[in-house]
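Contents: one structure, followed by commentary.
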Amino acid sequence: QVQLAESGGGLVQAGGSLILSCAASGRPFSSYAMGWFRQAPGREREFVAALSWSGSNTYYTDSVKGRFTISRDNAKITVYLQMNSLKPEDTAVYYCVVGSTTGWGRFEWHYWGQGTQVTVSS
């Protein structure tokens, strides 16, 4: 059984930065992808970013391109999300995910973390 634990959320002013981390306990299947989703109040959960096993392929939703960077440390089974130039609309609960790659830019997410709150004040 794989469990994911996010950390690094908090309150930040607009324009500020945060780094989210997510560590997996238990080793997932081989060549797993890792990523982040978020859910704002009253809105559906949305994809934010994902990273292939090798780290050579990254994917971002348009609203965070150029501001967020996803990275991973396979030795630590940890994924990071560096968030810069934060905006109030980035306020959400951020969830870490682990899954398999099913095609170019396509994933099936098998494991979800419990989420960490990010609040950006204006």
Side-chain angles (χ1 to χ4, degrees):
Q1 182 71 19
V2 175
Q3 293 186 325
L4 305 176
E6 302 99 336
S7 61
L11 174 64
V12 64
Q13 290 188 332
S17 298
L18 281 175
I19 301 176
L20 303 184
S21 300
C22 174
S25 62
R27 184 165 295 276
F29 42 85
S30 61
S31 304
Y32 54 93
M34 303 186 82
W36 293 91
F37 279 70
R38 67 184 180 185
Q39 187 168 21
R43 302 188 66 177
E44 293 188 354
R45 192 172 297 186
E46 67 168 347
F47 169 81
V48 177
L51 185 63
S52 63
W53 160 256
S54 66
S56 60
N57 297 312
T58 57
Y59 309 89
Y60 298 94
T61 191
D62 287 345
S63 62
V64 308
K65 285 180 181 177
R67 301 188 298 122
F68 291 11
T69 302
I70 188 171
S71 61
R72 64 189 289 169
D73 183 335
N74 289 340
K76 296 180 180 179
I77 318 179
T78 299
V79 63
Y80 306 94
L81 187 67
Q82 172 74 52
M83 305 186 293
N84 298 328
S85 302
L86 283 162
K87 305 175 181 180
E89 50 264 43
D90 293 318
T91 295
V93 177
Y94 284 71
Y95 298 89
C96 169
V97 291
V98 167
S100 53
T101 301
T102 59
W104 179 256
R106 299 178 64 183
F107 306 93
E108 181 178 355
W109 302 112
H110 301 287
Y111 303 103
W112 292 75
Q114 294 191 336
T116 184
Q117 176 70 46
V118 172
T119 303
V120 184
S121 63
S122 57

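Computation of the quantities below employed the complete heavy-atom set of this structure, encompassing side-chain atoms and omitting hydrogens, waters and symmetry-equivalent molecules. Since the model is a prediction, treat every value here as computed from it, not as a measurement.
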Exercise. Considering all heavy atoms of both residues, which atom of Val98 and which atom of Leu4 are nearest to each other, and what is their separation?
Worked result: CG2-CD2, 3.7 Å
For this session: Would you verify whether the NZ or CZ of Arg38 falls within 45 degrees of the ring axis of Phe47 while also being under 6.0 Å from that six-membered ring's centre?
Result: no
For this session: Could you tell me whether the side chain of Glu108 reaches within less than 4.5 Å of the side chain of His110, counting heavy atoms only?
Result: yes
Problem set entry | Cys96 side chain near Trp112 side chain, heavy-atom distance below 4.5 Å | no
Exercise. Hey, is the main chain of Gly103 close enough, under 3.5 Å, to the side chain of Thr101 for a donor-acceptor pair?
Worked result: no
Problem set entry | Heavy-atom closest pair, residues Phe107 and Thr102 | N-OG1, 3.6 Å
Problem set entry | Which atom of Ala40 lies closest to which atom of Thr91, heavy atoms considered | CB-O, 3.5 Å
Exercise. If you round to the nearest 0.5 Å, how far is CZ of Phe68 from CD1 of Ile19?
Worked result: 12.5 Å
Exercise. Is there a side-chain contact between Ile70 and Tyr80 (heavy atoms, below 4.5 Å)?
Worked result: no
Problem set entry | Ring-face cation of Arg45 near Tyr95 (centre distance under 6.0 Å, axis angle within 45°) | yes
Problem set entry | Side-chain heavy atoms of Met83 within contact of Val118, under 4.5 Å | yes
For this session: Please say whether more than 12 non-hydrogen atoms of neighbouring residues, nucleotides or ligands are located less than 6.0 Å from CD in Gln82.
Result: yes
For this session: State the OG-CZ distance between Ser85 and Arg67, to the nearest 0.5 angstrom.
Result: 7.0 Å
Exercise. Under 4.5 Å between any side-chain heavy atoms of Leu86 and Leu18, yes or no?
Worked result: yes
Exercise. Hey, are Asn84 and Ser17 close enough side-chain-wise for a donor-acceptor pair under 3.5 Å?
Worked result: yes
Exercise. What are the two closest heavy atoms between Ser71 and Val79, and how far apart are they?
Worked result: O-CG2, 3.2 Å
Exercise. When you measure from the side chain of Arg72 to the backbone N and O of Ser52, does any donor-acceptor pair fall under 3.5 Å?
Worked result: yes
For this session: Would you check, one step at a time, whether the test side chain to side chain contact (heavy atoms under 4.5 Å, CB included) holds for Tyr60 with Thr58?
Result: CA-CA 7 Å; Tyr60 298 94; Thr58 57; 3.7 Å; yes
Problem set entry | Side chains of Val64 and Val48 in contact at under 4.5 Å (non-hydrogen atoms) | yes
Exercise. Between Lys87 and Asp90, is the closest basic N to carboxylate O distance under 4.0 Å?
Worked result: no
Exercise. Between Met34 and Cys22, which heavy-atom pair has the shortest distance, and what is it?
Worked result: CE-O, 4.5 Å
For this session: Please tell me if the side chains of Leu81 and Thr69 come closer than 4.5 Å, counting only heavy atoms from C-beta onward.
Result: no
For this session: Using atom types as modelled and distance alone, determine if a side-chain donor or acceptor of Asp73 lies under 3.5 Å from a backbone N or O of Lys76.
Result: yes
For this session: Please indicate whether Glu89 has more than 12 foreign heavy atoms, meaning atoms of other residues, nucleotides or ligands, lying under 6.0 Å from its CD.
Result: yes
Exercise. Trp36 versus Glu6: any side-chain heavy-atom pair under 4.5 Å?
Worked result: yes
Problem set entry | Criterion ring pair (Phe, Tyr, Trp, His ring centres under 6.0 Å) against Tyr32, the qualifying member of Trp109, Tyr111, Trp53 | Trp53
